[in-house]
Amino acid sequence: MDVFLELLVREASAVEFEGPVLRARADGADAATLERLERDKVAALRVRGMLRRRAKREAELSALFDTAGDLAALRGLDAVLAAIVRRARQLLGTDVAYMTLNDAERGDTFMRVTDGSISARFRGLRLAMGAGLGGLVAQSAVPYNTGDYLADERFRHTMTIDGAVREEGLVAILGVPMRLGAQVIGVLFAANRSARPFAHEEVTLLSSLAAHAAVAIDTARLLEETRAALAELSEANRLIRAHSDAIERAAAAHDRMTGLVLRGGGVEDVAAVVTEVLGGRLTVLDDEGRPLVGDASELDEGVSEAARSSRALGRTVRRGEVFVASVDVGAAPLCTLVLRAAAPIADTDQRILERAALVTALLLLFRRSVADAEGRVRGELLDDLVFRPELDGLHDRARRLGVHLDEPHVLVVARHDGQRERAAFWASAQAAVEHGLAAARGQEVILLLPGDKPGVLARRVASELTAALGRPATAGAAVGPLPGAYRESQRCAEALRALGRGGDGASAAELGFVGLLIGEGRDVPAFLADAIGPVVDYDARRGTHLRETMTAYFGSGGSLSRTADALHIHVNTVTQRLDRIGQLLGGDWQEPERALEIQLALRLHRLRDGL
């Protein structure tokens, strides 16, 4: 059976299935083997026949689907009808396929499309109603077929029709009606130049294609009838589309602005959407007329008047090239948007500016309410944990806010410059999302977040807060009892800024010797006093520069001349200063171990001065 399966797989011809039987007979196989091979051969041929029938049926269905797709795609009528005729010829395996349509004005039928025809006379043929096979099909609305047209006496033959058929060389012809309801509008034919029968399945397939052709013709008629109406409506449709586009553009801009706010965006993000959609330069003013976005220096006194008019009218007000939209709350201005446009702005696009003003106002109000709420709840709790840890019930208060203090937490202090409300809003949002706490104090925000990796959290907070503010934010982080962790985190942030690493984040453990000295529990003042205290005190009393001289001396590798050049003084002066330092610190101050300690102290003192 395997050999027959292989023949089936490679779609062998029917005669090849005799091969295994003939080879077995030639090899002297016994009768039982030959009988089994005969049975397998018959079964394989049956399977082959079934597969070929299915393949043919699939091809027929595919053609019908393709034809339906042509109709759905509203292709040109000529292309659709030509495709239907071509598919009829291919699927039925005939030499020629063609289509005739009824001419209601002349009362006959004419050749509309042909495929495979070689006779110009045949392609230009017209048939009287009732004449020939096609005329009979058109008149009776019933399919007809003949195995030998010229010899078939069922049809009314005419010299014109018979001559065209002889010239084309047609013998077997099948015709099916193309009907719309009870009306026949044409006939679809499949014809062969040799005698052949037409099976019932072929009649059904050609009828299906004829139905598709009728639908295509009727669709074309309907399209033609509606074309005039569409032309009349085109101008109105253009105006409606332009208006609709403007409305959709405004709605899309509003959705984008609302989405930005929901994702934690700020006034700058809303302003960016406005300028992206409308162009120009946008300035956003707060309730006191201070710029939140953009430059207010180019705004004149007319903007204030326009802002008052906008609040009174509730609409955008134009002053020359400037468009102003302002929002108030309780008769008090909340924000004003001033757009200096590069080109005129349509009335519908002015709604975008109005929506942006409304979204900005809601954003500012929301920030105020969020900041107040967080300040009263999470902020107060964090303040108590850091500065009043002896209070009772702190853990219960935290638990009610979804914060479990028994689990590991990291305290982060982020220093920033300006935009206090935005920083507080961002910190509150982060704390709410991560089940932590946040508070704002002056130019810093404090966060208590779940975790046990202070360095990682510090860098993340610094990066995200910097992105939110649009300017550097520096974060320090620590773990342990919160009062001490707060002090250590604060010192870490201050040390990073002093080291020129603004916008970065770190824990004390990541700052090298600086971290060891600024970490909680380290007595930095005592260390400085012990290492270089006498020199610092001497400089303070006498107004000298001994500490500066030591720094330059160590920085020059102990070279007197390079130290003098760095300080712009004479070498003798350097020598005198170094002698004075030796008197204050002791003669061993340049020994390696002592020198290292003094250099660390000098650097730490410099950092502390910069904090």
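Computed from a prediction, not measured in an experiment: that's the story for all the values here.
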Fill in: For Leu560, all residues meeting side-chain contact (heavy atoms from CB on, under 4.5 Å), sequence neighbours excluded
Tyr553, Val571, Val574, Thr575, Leu578
List, one per line, each side-chain donor-acceptor pair under 3.5 Å for residues 473-484, sequence neighbours excluded.
{"unit_1": "Thr474", "atom_1": "OG1", "unit_2": "Gly503", "atom_2": "N", "d": "2.9"}

Practice prompt. Could you tell me whether the side chain of His409 and the main chain of Glu407 form a donor-acceptor pair under 3.5 Å?
Written response: yes
Worksheet item: CG/Asp504 to SG/Cys492 distance, rounded to the nearest 0.5 angstrom?
Response: 11.5 Å
Practice prompt. Can you sort out the partners of Asp539 under side-chain contact (heavy atoms from CB on, under 4.5 Å), two or more places apart, ordered by chain and number?
Written response: Val535, Thr544, Leu546, Arg547
Discussion item. I'd like to know if the side chain of Ser489 reaches the main chain of Leu411, judged simply by a donor and an acceptor atom lying under 3.5 Å from each other, with no hydrogens or angles considered.
Written reply: yes
Discussion item. Let's go through Gln583 and Arg580 carefully: what are the C-alpha distance in whole Å and the side-chain angles of both, what is the deciding distance for side-chain hydrogen bond (donor to acceptor under 3.5 Å, both in side chains) to 0.1 Å, and is it a yes or a no?
Written reply: CA-CA 5 Å; Gln583 294 172 12; Arg580 176 63 64 184; 2.8 Å; yes
Worksheet item: By ring pair (Phe, Tyr, Trp, His ring centres under 6.0 Å), which residues pair with Tyr486, not counting sequence neighbours?
Response: Phe387
Practice prompt. Give the C-alpha distance, both sets of side-chain angles, the deciding distance and a yes or no for side chain to side chain contact (heavy atoms under 4.5 Å, CB included) between Ile598 and Trp589.
Written response: CA-CA 8 Å; Ile598 292 173; Trp589 71 280; 3.8 Å; yes
Worksheet entry | Chi angles and distances behind the side-chain hydrogen bond (donor to acceptor under 3.5 Å, both in side chains) call for Arg562, Ser556 | CA-CA 6 Å; Arg562 288 200 297 272; Ser556 66; 5.0 Å; no
Worksheet item: Between Asp396 and Arg399, does at least one N-O distance fall below 4.0 Å, as a salt bridge requires?
Response: yes
Practice prompt. Look only at the side chain of Ser310 and the backbone of Thr316, and say whether a donor-acceptor pair between them is shorter than 3.5 Å.
Written response: no
Discussion item. Holding to side-chain contact (heavy atoms from CB on, under 4.5 Å), I want the full list of residues that pass it with Arg541, two or more places apart in sequence or in another chain.
Written reply: Asp537, Tyr538
Discussion item. Tell me which pairs pass salt bridge (charged side-chain N to carboxylate O under 4.0 Å, His left out) where either residue lies in residues 464-478, with sequence neighbours left out.
Written reply: Arg460-Glu464
Worksheet item: Side chains of Met550 and Ile581: closer than 4.5 Å at any heavy-atom pair?
Response: yes
